[in-house]
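Throughout, numbering of the chain's residues begins at 1 and tracks the sequence. Every number for a ligand or one of its atoms is a count from 1 in the order of the listing.
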Amino acid sequence: MDKFLGYRCSLCQRQYLSSQIQYTCSDEGGNLDVVLDIEHIRRFVSPSQIFAQPEPSIWRYLPLLPVGDPGFEGTPFRRVGWTPVFETPKLAQPLGLKTLWVKDESRNPTASFKDRASAVVVARAQEIQAEVVVTASTGNAGAALAGMAAAVGQKAVIFAPKTAPPAKVAQLLVFGAQVILVDGNYDSAFDLTIQASQEFGWYCRNTGYNPFTAEGKKTAAFEIWEWWEKTRHQHPSFKRLNVFVSVGDGNIISGIHKGFKDLLELGWIEQMPRIFGVQSTGSAAIYNAFQAGTEQIVPVAANTLADSISVDLPRDGVRAVRAARQSGGSYLAVEDAKILQAIADLGKVGIFAEPAGATAYAGLVQAVQMGLITAEDAVLVLNTGSGLKDVKAAMQAIPQAPIIEPTLDALKKHLAK
Ligand SMILES: *Cc1c(COP(=O)(O)O)cnc(C)c1O
Ligand SMILES: [Zn+2]
């Protein structure tokens with residue numbers, strides 16, 4: 001494939017050919033950025049060609065991805081991405097914003113943002129004829145890999161902490177992956193997965209390790225770009241777009257940053273949106289580094305109900321810090337109570353988010369309170385995962401339903417309360 005040139009280490013800038021290396025820099029373990037042949041892409045495709053396509057998925061951006069056409073038309077694999085952007089005036093108003101948009105990633109085939117990464121990793125696995133793809137996961141990355149693998153007939157092995165929410169574990173099992181629950185946290189599952197992939201020659205999808213996950217995740221930036229190109233003229237008073245993303249390992253925010261960097265290099269945008277990362281105060285290693293003005297990621301002992309962003313040592317922390325810093329954005333850390341409140345708020349406009357999904361919105365609320373975002377700003381918040389993934393957390397976000405006798409009398413008594 002002519003458009004895929006190789007990799008560049010995000011720490012030491014060392015370049016590799018695609019045949020030389022598979023995961024992280026052999027010098028210091030830095031995350032690798034995929035290097036594309038921008039001139040080549042520009043010669044063969046234009047924004048208007050991309051916009052004119054009917055393909056309702058991430059595969060409309062195939063010319064900007066480091067894989068060939070994977071096929072599998074008619075399967076869930078071809079339905080990843082192209083998620084809706086909702087206007088939410090009921091949320092915008094109390095925040096003093098003119099408009100607020102929510103891009104709902106719970107609409108992906110396995111109900112989280114992770115499908116974007118898993119689809120592109122599975123496409124890569126098919127190209128290199130990997131027999132088994134393995135990943136560590138707090139739940140969603142595994143469910144996404146299991147779902148995409150099932151759709152194309154690829155074998156998948158998933159390591160997850162035994163504390164993963166039952167709905168996520170059920171998804172893994174229903175999709176037919178080999179599931180191994182680890183008596184430890186996500187970080188210990190992560191390390192075991194790398195050991196297993198080296199021992200057995202399995203292709204490893206681990207977040208912040210396999211360079212193709214960020215390439216899948218960058219498709220969200222492309223969709224935001226395409227949507228904003230078609231929307232912005234209706235809102236001439238807005239200055240710059242601001243995108244809010246919840247952050248655990250830091251791979252989603254890094255991928256989104258990469259997508260906008262690709263578009264800048266192509267000359268298809270003049271300026272990228274400001275990117276805001278949001279963590280839980282109980283798992284804030286990247287937030288801490290951003291606030292300290294460094295790229296040094298110091299591990300924390302993670303403790304948050306937002307399981308999808310509960311990480312001791314973020315595996316893509318450096319690029320995640322840069323995403324906010326280089327785009328003029330920032331980082332916020334929100335308490336778990338604010339995350340639960342955000343689930344309730346999003347629910348009232350018809351969007352059901354899991355805790356990590358609602359975290360970005362909780363971050364926006366805080367950014368408005370801090371004056372980082374004002375009425376002049378256009379804002380898009382990502383909901384990264386479905387509330388059905390973690391019903392126990394959802395039930396903590398709202399009052400319980402009353403139980404009454406099944407009689408009209410009892411109903412009247414209840415309604416009179
Ligand atoms: C994985 C995940 C995140 C965070 O992504 P990172 O790449 O780990 O920063 C946020 N929300 C949901 C629902 C996720 O599954
Ligand atoms: Zn390096």
Side-chain angles (χ1 to χ4, degrees), residues 7-16 21 23-33 104-106 108 110-118 135-145 160 164-165 167-168 171 186-187 190 205-211 213-214 216-218 220 244-258 275 277-280 283-287 302 304 306-321 323-324 331 339 342-343 352-363 381-390 393:
Y7 308 99
R8 185 186 302 111
C9 174
S10 60
L11 296 184
C12 71
Q13 308 302 318
R14 179 169 165 192
Q15 302 230 27
Y16 295 91
I21 202 158
Y23 300 116
T24 52
C25 180
S26 47
D27 288 348
E28 80 298 74
N31 289 114
L32 300 180
D33 289 316
D104 190 7
E105 292 292 311
S106 75
N108 276 296
T110 79
S112 89
F113 190 103
K114 296 293 197 297
D115 283 347
R116 296 177 183 275
S118 289
T135 196
S137 173
T138 61
N140 285 338
L145 175 59
K168 295 182 181 180
Q171 265 188 308
Y186 169 63
D187 296 77
F190 191 99
R205 177 222 177 275
N206 272 13
T207 298
Y209 183 64
N210 186 319
T213 60
K217 287 168 173 179
K218 79 179 183 182
F244 280 71
V245 191
S246 60
V247 175
D249 269 320
N251 193 242
I252 292 181
I253 197 169
S254 300
I256 287 175
H257 189 214
K258 172 68 157 57
I275 305 173
V278 188
Q279 296 206 282
S280 162
S283 176
I286 298 175
Y287 165 87
T304 168
D307 64 293
S308 298
I309 51 171
S310 182
V311 184
D312 292 353
L313 174 63
R315 308 293 169 147
D316 209 346
V318 174
R319 293 192 301 189
V321 166
Y331 265 87
I339 294 175
I343 292 176
F352 192 13
E354 69 165 272
T359 298
Y361 174 74
V381 168
L382 280 169
N383 167 30
T384 42
S386 167
L388 291 174
K389 296 268 197 174
D390 188 353

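Rounding to the nearest 0.5 Å gives a distance of 7.5 Å between CG of Asp249 and CG of Asp316. Going from atom OG of Ser106 over to atom CG of Leu388 covers 8.0 Å, rounded to the nearest 0.5 Å.
Under a 4.0 angstrom heavy-atom cut-off, Ser246 registers as being in contact with ligand 1. Contact between Glu105 and ligand 1 is absent, with no heavy atom of the residue lying under 4.0 Å from the ligand.
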For salt bridge (charged side-chain N to carboxylate O under 4.0 Å, His left out), just list the numbers for Asp115 and Lys217, CA-CA rounded to whole Å, side-chain angles, deciding distance to a tenth of an Å, and then say yes or no. CA-CA 9 Å; Asp115 283 347; Lys217 287 168 173 179; over 6 Å; no
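Near Gly385, meaning under 4.0 Å from any of its heavy atoms, are these atoms of ligand 1: 13 (C). Within ligand 1, counting atoms from 1 as listed, the ones closer than 4.0 Å to a heavy atom of Val247 are 9 (O). Distances below 4.0 Å separate heavy atoms of Asn140 from the following atoms of ligand 1: 13 (C), 14 (C), 15 (O). Applying the 4.0 Å criterion to heavy atoms of Gly248 picks out, from ligand 1, the atoms 4 (C), 6 (P), 8 (O), 9 (O).
Between Glu105 and Lys114, none of the side-chain N atoms (NZ, or NE/NH1/NH2) sits under 4.0 Å from a carboxylate O, so this pair counts as no salt bridge. Salt bridge absent: Asp307 and Lys389 never bring a charged side-chain N and a carboxylate O closer than 4.0 Å. By the 4.0 Å N-to-carboxylate-O rule, Glu28 lies too far from Arg14 to be salt-bridged with it. A salt bridge links Asp33 to Arg319: at least one charged side-chain nitrogen sits closer than 4.0 Å to a carboxylate oxygen.
The Zn ion (ligand 2) is the vertex of the angle joining OE2 of Glu28 and SG of Cys12, which measures 90° to the nearest 10°.
Both the backbone and the side chain of Asn251 come within 4.0 Å of ligand 1, counting heavy atoms alone. At a heavy-atom cutoff of 4.0 Å, ligand 1 is contacted by the side chain of Ile309 but not by its backbone. The proximity of Lys217 to ligand 1, defined as any non-hydrogen pair under 4.0 Å, is limited to the side chain.
Scanning the protein heavy atoms around atom 2 (C) of ligand 1, the nearest turns out to be Lys114 NZ, 2.3 Å. Among all protein heavy atoms, the one lying closest to atom 12 (C) of ligand 1 is Thr384 OG1, 3.3 Å. Nearest protein heavy-atom neighbour of atom 8 (O) of ligand 1: Asp249 N, 2.8 Å.
Aromatic ring pairs are classed by plane angle as parallel below 30°, tilted from 30° to 60° and perpendicular above 60°; the pair Tyr23 and Tyr209 is parallel.
Ranked by closest heavy atom to atom 7 (O) of ligand 1, the top entry among Ile252, Ile286, Val245, Val278 is Ile252.
Tyr186 and Ser137 share no donor-acceptor pair across their side chains, judged by distance under 3.5 Å alone. Side chain to side chain, Ser10 and Asn31 fail the donor-acceptor criterion of an N or O pair below 3.5 Å.
Checked against a 3.5 angstrom limit, the closest N/O atoms of Glu354 and ligand 1 fall outside it. Polar contact check, Ser112 against ligand 1: no nitrogen or oxygen pair lies under 3.5 Å apart.
Inclusion of Asp27 in the first shell of the Zn ion (ligand 2) is not supported: no N, O or S atom falls under 2.8 Å.
Put simply, the side chain of Glu354 never gets that close to the backbone of Gly385: no donor and acceptor are under 3.5 Å apart.
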